Undergrad: 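Submitted below is the structure of interest, expressed as structure tokens.
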Protein chains: 2
Amino acid sequence: MNDPDFSRRIRDAGGRVTAARLAVLRCLAEADEPLTPDEVLEHLARNSDHVPDRVTIYRAIDWLAVHGLVRRLATVGRAARYEPVEDREAHAHFQCRRCAQTRCLPAPTPPLPPLPSGYVAERVELVIHGLCAACRAGENE
Amino acid sequence: MNDPDFSRRIRDAGGRVTAARLAVLRCLAEADEPLTPDEVLEHLARNSDHVPDRVTIYRAIDWLAVHGLVRRLATVGRAARYEPVEDREAHAHFQCRRCAQTRCLPAPTPPLPPLPSGYVAERVELVIHGLCAACRAGENE
DNA sequence: GGTAAAAATGCAATAAAATGGCAAAAAGAC
DNA sequence: GTCTTTTTGCCATTTTATTGCATTTTTACC
């Protein structure tokens, strides 16, 4: 996915195409796992010449989330994690209880359980908790 | 579930039976939805004469979670939410994107997706995102 | 019941994650 | 290029959670 595409998606969502939004969207799209706002900042600090302020990153992510370009995941760790909304949908996430790593898994779309009357479901999320390979190996340290 | 039972479960887990642990466990068990530490504190402040310090509640919850008596849920909201681990297992949770309400749903146990080699799954969690009845009604306010 | 060792608590300080206000800067329409 | 609106940067603040340490409580043992 190239930058003109990012620009178009931002414009289509009704917002201005700014350096911060492009950088954040690009960063999340290039990462192979969901990132926290701080991780986005780190990545930009390393790979980009213009580094937006931390608050700007929060606001850019919020904007992207509200307009459906990124998704905020349910997490057990303290910081929120975000991933881009792309074609490849309906995947589960694995969260390591030791290192808080979060990674994407292939997953069948889970069935939607019955909801109380008046409730509307917008998204189903499947979270697998456990230990990643590295943490499992070093658990006794 | 009565207090002697709570005491026994705490003792069986290898810890001391303290007022704070009993109060927190009881509070979570009586609530019909998962609570944040602050909500636990509020409940105790209203329904109990000895109100533990906020830090004590955090520590009691942590201890209960580490020893398997309560479970920390993956949340989209900012604060962590906990629910007691009881007989009635394997249920999904609904989280309202507007008011952050989190409630339990009946749910089939979802299938476990394949994990990368070396990874171990310990728990599968199903989170339904959407709007609760009240927020759906008042969304245009 | 009384006593000692170990564990848990309260309090103050601190850290981590996120948000709000407002003036300055940038984006887009013309 | 100029103007209007949106976005950004910076500072302060809030919310959520954690750490250090002296004091209190729990429990094992007599």
Side-chain angles (χ1 to χ4, degrees), chain A residues 3-4 6-25 34-42 44-45 48-67 69-70 72-82 97 99-100 102, chain B residues 3-4 6-25 34-42 44-45 48-67 69-70 72-82 97 99-100 102:
Chain A
D3 280 20
F6 290 144
S7 301
R8 185 186 52 69
R9 295 179 68 197
I10 292 172
R11 200 177 341 261
D12 287 355
R16 292 186 175 177
V17 179
T18 69
R21 285 174 189 169
L22 280 173
V24 168
L25 193 47
L35 302 180
T36 66
D38 249 46
E39 286 168 349
V40 170
L41 180 55
E42 283 170 34
L44 295 184
S48 172
D49 44 346
H50 170 75
V51 180
D53 187 76
R54 183 184 307 273
V55 176
T56 299
I57 292 188
Y58 274 105
R59 288 196 273 226
I61 291 182
D62 276 355
W63 189 91
L64 293 169
V66 165
H67 292 84
L69 305 194
V70 306
R72 179 175 180 164
L73 305 182
T75 48
V76 171
R78 279 185 46 174
R81 286 185 180 276
Y82 298 83
R97 75 161 143 82
C99 69
T102 299
Chain B
D3 280 21
F6 291 145
S7 301
R8 185 186 54 70
R9 296 179 67 196
I10 292 172
R11 201 180 338 264
D12 286 356
R16 295 188 172 176
V17 178
T18 68
R21 285 175 187 167
L22 280 174
V24 168
L25 193 47
L35 302 180
T36 65
D38 249 46
E39 286 168 349
V40 169
L41 180 55
E42 283 170 33
L44 295 185
S48 172
D49 44 346
H50 169 75
V51 181
D53 188 76
R54 183 184 304 273
V55 176
T56 300
I57 292 187
Y58 274 105
R59 288 196 274 226
I61 291 181
D62 276 355
W63 188 91
L64 293 169
V66 166
H67 292 84
L69 305 194
V70 306
R72 178 176 179 162
L73 305 182
T75 47
V76 171
R78 278 184 48 173
R81 286 185 180 275
Y82 299 83
R97 74 163 144 83
C99 69
T102 299

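The model shown is predicted, which means the values in this text are computed figures rather than measured ones. Every chain is numbered from 1 and lettered A, B, ... according to where its sequence line falls, protein lines coming before strand lines.
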Undergrad: What's the CG-C1' distance between B:Leu41 and D:dA17, to the nearest Å?
TA: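 Value for this atom pair: 14 Å.
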
Undergrad: May I ask you to decide if B:Glu39's main-chain N or O and B:Thr36's side chain share a donor-acceptor pair within less than 3.5 Å?
TA: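 Yes; judged by distance alone, with no hydrogens or angles, the pair exists.
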
Undergrad: Need to verify one output field. Residue with the more 5' nearest nucleotide on DNA chain D, A:Arg16 or B:Asp38?
TA: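 Comparing both residues, the 5'-ward one is A:Arg16.
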
Undergrad: Would you kindly give the CG-to-P distance between B:Leu22 and C:dA7, to the nearest whole Å?
TA: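 Distance, rounded to whole Å: 19 Å.
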
Undergrad: Starting from C1' on D:dC10, measure out to CD1 on A:Ile57 and report it in whole angstrom.
TA: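 One finds 15 Å between C1' of D:dC10 and CD1 of A:Ile57, rounded.
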
Undergrad: Which sits closer to the 5' end of DNA chain C, A:Ala79 or B:Gly14, going by the nucleotide each is nearest to?
TA: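 Checking each residue's closest nucleotide, the 5'-ward one belongs to B:Gly14.
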
Undergrad: If you measure from CZ on B:Arg81 to CG on B:Leu73, what distance do you get to the nearest 0.5 Å?
TA: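 Answer for the CZ-CG pair, B:Arg81 versus B:Leu73, is 9.0 Å.
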
Undergrad: Sub-3.5 Å donor-acceptor pair from the side chain of B:Arg72 to the main-chain atoms of A:Val76, do we have one?
TA: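 Yes, B:Arg72 side chain to A:Val76 backbone: donor-acceptor pair under 3.5 Å.
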
Undergrad: So, does A:Thr18 get its side chain near the phosphate of D:dT8, meaning an N or O under 4.0 Å from OP1 or OP2?
TA: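 Yes, A:Thr18 has a side-chain N/O under 4.0 Å of OP1/OP2 on D:dT8.
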
Undergrad: Would you call B:Arg16 and B:Arg11 a side-chain contact if the rule is heavy atoms closer than 4.5 Å?
TA: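 In short, these two side chains do not touch, never coming nearer than 4.5 Å.
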
Undergrad: Looking at every strand, decide which applies to B:Ala80 at a 4.0 Å heavy-atom threshold: base, sugar-phosphate, or nothing.
TA: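 Sugar-phosphate contact only - B:Ala80 comes under 4.0 Å of backbone atoms but never of a base.
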
Undergrad: In whole angstroms, how far is the P atom of C:dA13 from the CZ atom of B:Arg54?
TA: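 Atom-to-atom, B:Arg54 to C:dA13, this comes out as 16 Å.
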
Undergrad: Check every atom of D:dC21, D:dT7, D:dG9 against the side chain of B:Arg59 and return the nucleotide holding the closest atom.
TA: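 Looking only at side-chain atoms, B:Arg59 lies closest to D:dC21.
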
Undergrad: What is the distance, to the nearest angstrom, from the CZ atom on B:Arg21 to the C1' atom on C:dA7?
TA: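 Distance check: B:Arg21 CZ to C:dA7 C1' gives 8 Å.
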
Undergrad: Can you figure out which of C:dG28, D:dT16, C:dA18 approaches the side chain of A:Val17 most closely?
TA: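 The closest nucleotide is C:dG28.
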
Undergrad: Measure NE2/B:His50 against C1'/D:dT26 and give the value in whole Å, please.
TA: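 From B:His50 NE2 to D:dT26 C1': 13 Å.
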
Undergrad: Classify the nucleic acid contact of B:Ala60 as base, sugar-phosphate or nothing, counting any heavy atom under 4.0 Å across all strands shown.
TA: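 No contact at all - B:Ala60 keeps every heavy atom at 4.0 Å or more from the nucleic acid.
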
Undergrad: Identify which nucleotide among D:dA17, D:dT27, D:dG9 has an atom closest to any side-chain atom of B:Tyr58, counting heavy atoms from C-beta outward.
TA: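 Of all the options, the side chain of B:Tyr58 is nearest to D:dA17.
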
Undergrad: Test your reading of the model: is there a side-chain donor-acceptor pair from B:Thr18 to the backbone of B:Arg21, 3.5 Å cut-off?
TA: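 Yes, the answer is positive, given that a donor and an acceptor are paired below the 3.5 Å cut-off.
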
Undergrad: Between B:Asp53 (CG) and C:dA8 (C1'), how many Å, whole number?
TA: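 That distance rounds to 12 Å.
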
Undergrad: Rounded to the nearest angstrom, tell me the gap between atom CH2 in A:Trp63 and atom P in C:dA26.
TA: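 The distance from CH2 of A:Trp63 to P of C:dA26 comes to 20 Å, rounded to the nearest Å.
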
